[in-house]
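Beneath this line is the structure, given in structure tokens, with notes to follow.
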Number of protein chains: 2
Amino acid sequence: MTLRERKKAQTRDGLAEAALRLFADRGFEKVTVDEIAAAADVSRRTFFRYFPTKEAVVFPDRERRLRRFREMLVDRPHGEEPFESVRLALMALARDYEKNRARVLLQQRIVEESAAVRAYDAELDRQWERTMAASLGDVDRAPAADRRRARLGAGALMGAIRAILNEWYAGAGAGDLKVLGQEAFDLLTYGMSVTTNDSK
Amino acid sequence: MTLRERKKAQTRDGLAEAALRLFADRGFEKVTVDEIAAAADVSRRTFFRYFPTKEAVVFPDRERRLRRFREMLVDRPHGEEPFESVRLALMALARDYEKNRARVLLQQRIVEESAAVRAYDAELDRQWERTMAASLGDVDRAPAADRRRARLGAGALMGAIRAILNEWYAGAGAGDLKVLGQEAFDLLTYGMSVTTNDSK
DNA sequence: TGCCACTTGACACTGAGTGCCAGTTTGCGG
DNA sequence: CCGCAAACTGGCACTCAGTGTCAAGTGGCA
């Protein structure tokens, strides 16, 4: 990595770190971009060169994580069920979350207190959902019916994952995220009919 | 309804209508609140008395619809399965969407072209999800395990609904939304194992 | 060393959203 | 029908997010 690149990474990290500290201290809404920039010793204009919006700085590693997820889905053994590939990739992600528990929980605290950040978060979820749909079969050469089913499944799965993540957050990350995740997959795999006993 | 109330409703409708027309014409981002206010013959300040944000004016009937959904869920025959109640309430909503097809599709066009509106839309979805979770069993007196299951189910259901709505939008509202909705429910009821044949 | 490309800071500007107050309109009791 | 309190509106000033532009600075590389 060249010096220029190192400096850029440093600036970026500095901004993200300063922002996170300030947000944790006073809350997302009560911190201005000017303050973040000042705390990181750069100009306000520079902040917006590194992050498109004030919300984005809450998730400085979003692309990296999504990219890793995509790579994981590509590098699966040939013949493995797509649904199973997604499950395994998400399990790896769950481990990643648990490893960075403190940071993830802090980010979540910020997400919850501000509608703007929640909205940004939701937009990220849409990207995850599209990625999963593509992996489950929403690709150009697949039959239309399969693609629909893939999109439908990805939507339901994303919804379930969001729900179990919320459970995990609610328990301050004390529960086992991999177990929770398996619950979500079981629900999607076998349906709610087991206990709900859908009438008619 | 008193004169004052009628006038308020009129102002609100005027703003919503003017906004929708302008958005359809030039796109959400290219229209300023000043222009909407001018088109509706009120001051900019008054706009923000009726709508909290520029995004909100895209969905002027959000509270009404959600309220009606809640009422529907309350007025179900005693003993009916909660899951079934939700299904029927959503089916009624689907009919409502099909009846107002043109308007709904126009709103969707606006939603799609602007990230800010999508984000606002996602925030509304969270409210729907919470409502469904409450109806499925996320209530104070229910056992914790049931509440969790309710939240999980509501999350998955909301995800599936969002996905089938997108299918409907993609087909310009030509498909039968009730049939699509049933697909989502079937997926949630019986799971994906039927065709996906999940391998261990 | 010197040049080119990349990066940064400063400034100005637009537009969303809010607080405040003064002026107007409406509902309502006398 | 009158007048008053409450509700509503318009206008103004202000904060802050985000963008375009340009000049100055800094690193990469021949």
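Because the structure is predicted, anything quoted here is derived from the model rather than measured. Quick note: numbers below take in every heavy atom, side chains included, and nothing from hydrogens, waters or symmetry partners.
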Would you say [X] places a side-chain N or O within less than 4.0 Å of OP1 or OP2 belonging to [N]?
{"X": "B/Ser43", "N": "D/dT9", "result": "no"}
{"X": "A/Lys54", "N": "D/dG18", "result": "no"}
{"X": "A/Lys7", "N": "C/dT7", "result": "no"}
{"X": "A/Thr32", "N": "D/dC16", "result": "no"}
{"X": "B/Thr46", "N": "D/dT9", "result": "no"}

Which nucleotide wins on minimum distance to the side chain of [X], given the candidates [options]?
{"X": "B/Phe48", "options": "D/dG27, D/dG18, C/dT18", "answer": "C/dT18"}
{"X": "B/Tyr50", "options": "C/dC20, D/dT21, D/dC8", "answer": "D/dC8"}
{"X": "A/Val42", "options": "D/dA17, C/dG9, D/dT26", "answer": "C/dG9"}

Rounded interatomic separation in angstrom, taking [atom1] from [X] and [atom2] from [N]:
{"X": "B/Asp34", "N": "D/dC12", "atom1": "CG", "atom2": "C1'", "answer": "13 Å"}
{"X": "A/Arg12", "N": "C/dT8", "atom1": "CZ", "atom2": "P", "answer": "12 Å"}
{"X": "A/Arg4", "N": "D/dG25", "atom1": "CZ", "atom2": "P", "answer": "16 Å"}
{"X": "B/Leu15", "N": "D/dT9", "atom1": "CG", "atom2": "C1'", "answer": "12 Å"}
{"X": "A/Glu35", "N": "D/dT15", "atom1": "CD", "atom2": "C1'", "answer": "12 Å"}
{"X": "A/Gln10", "N": "C/dT7", "atom1": "CD", "atom2": "C1'", "answer": "14 Å"}
{"X": "A/Lys8", "N": "D/dG28", "atom1": "NZ", "atom2": "P", "answer": "13 Å"}
{"X": "B/Phe51", "N": "C/dA16", "atom1": "CZ", "atom2": "P", "answer": "15 Å"}

* To do: Indicate, yes or no, whether a donor-acceptor pair under 3.5 Å links the base of D/dG20 to the side chain of A/Arg45.
  =>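 Indeed, a donor on one side and an acceptor on the other fall under 3.5 Å apart.
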- Any N/O donor-acceptor pair, B/Arg49 side-chain to C/dG17 base, under 3.5 Å: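 Not at all, since no donor on one side and acceptor on the other fall under 3.5 Å apart.
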Q. Could you go step by step and tell me if B/Asp138 and B/Arg148 meet the salt bridge (charged side-chain N to carboxylate O under 4.0 Å, His left out) rule?
A. CA-CA 7 Å; B/Asp138 183 19; B/Arg148 273 172 49 110; over 6 Å; no
Does the plane of the ring in A/Trp168 sit parallel, tilted or perpendicular to the ring in A/Tyr97? Use 30° and 60° as the thresholds.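 Plane angle between 30° and 60°, so tilted.
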Heavy atoms only: give me the nearest [X]-[Y] pair and the separation to one decimal.
{"X": "A/Ala156", "Y": "B/Leu188", "value": "CB-CD2, 4.2 Å"}
{"X": "A/Phe48", "Y": "A/Thr53", "value": "CE2-CA, 4.3 Å"}
{"X": "B/Lys30", "Y": "B/Glu35", "value": "O-OE1, 3.8 Å"}

5'-most by nearest nucleotide on DNA chain C - B/Glu5 or B/Val31: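 It is B/Val31 whose nearest nucleotide is closer to the 5' end.
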Item to complete: On DNA chain C, check which nucleotide each of A/Arg44 and A/Thr11 is closest to and give me the residue with the more 5' one.
Response: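 Upstream on the strand: A/Thr11.
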- Task: Using a heavy-atom cut-off of under 4.0 Å over every strand shown, decide if A/Phe47 touches base, sugar-phosphate, or nothing.
- Result: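 Counting heavy atoms under 4.0 Å across all strands, no contact is made by A/Phe47.
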Between B/Glu29 and B/Glu113, is there a side-chain heavy-atom distance shorter than 4.5 Å?
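Sidechains of B/Glu29 and B/Glu113: no contact.
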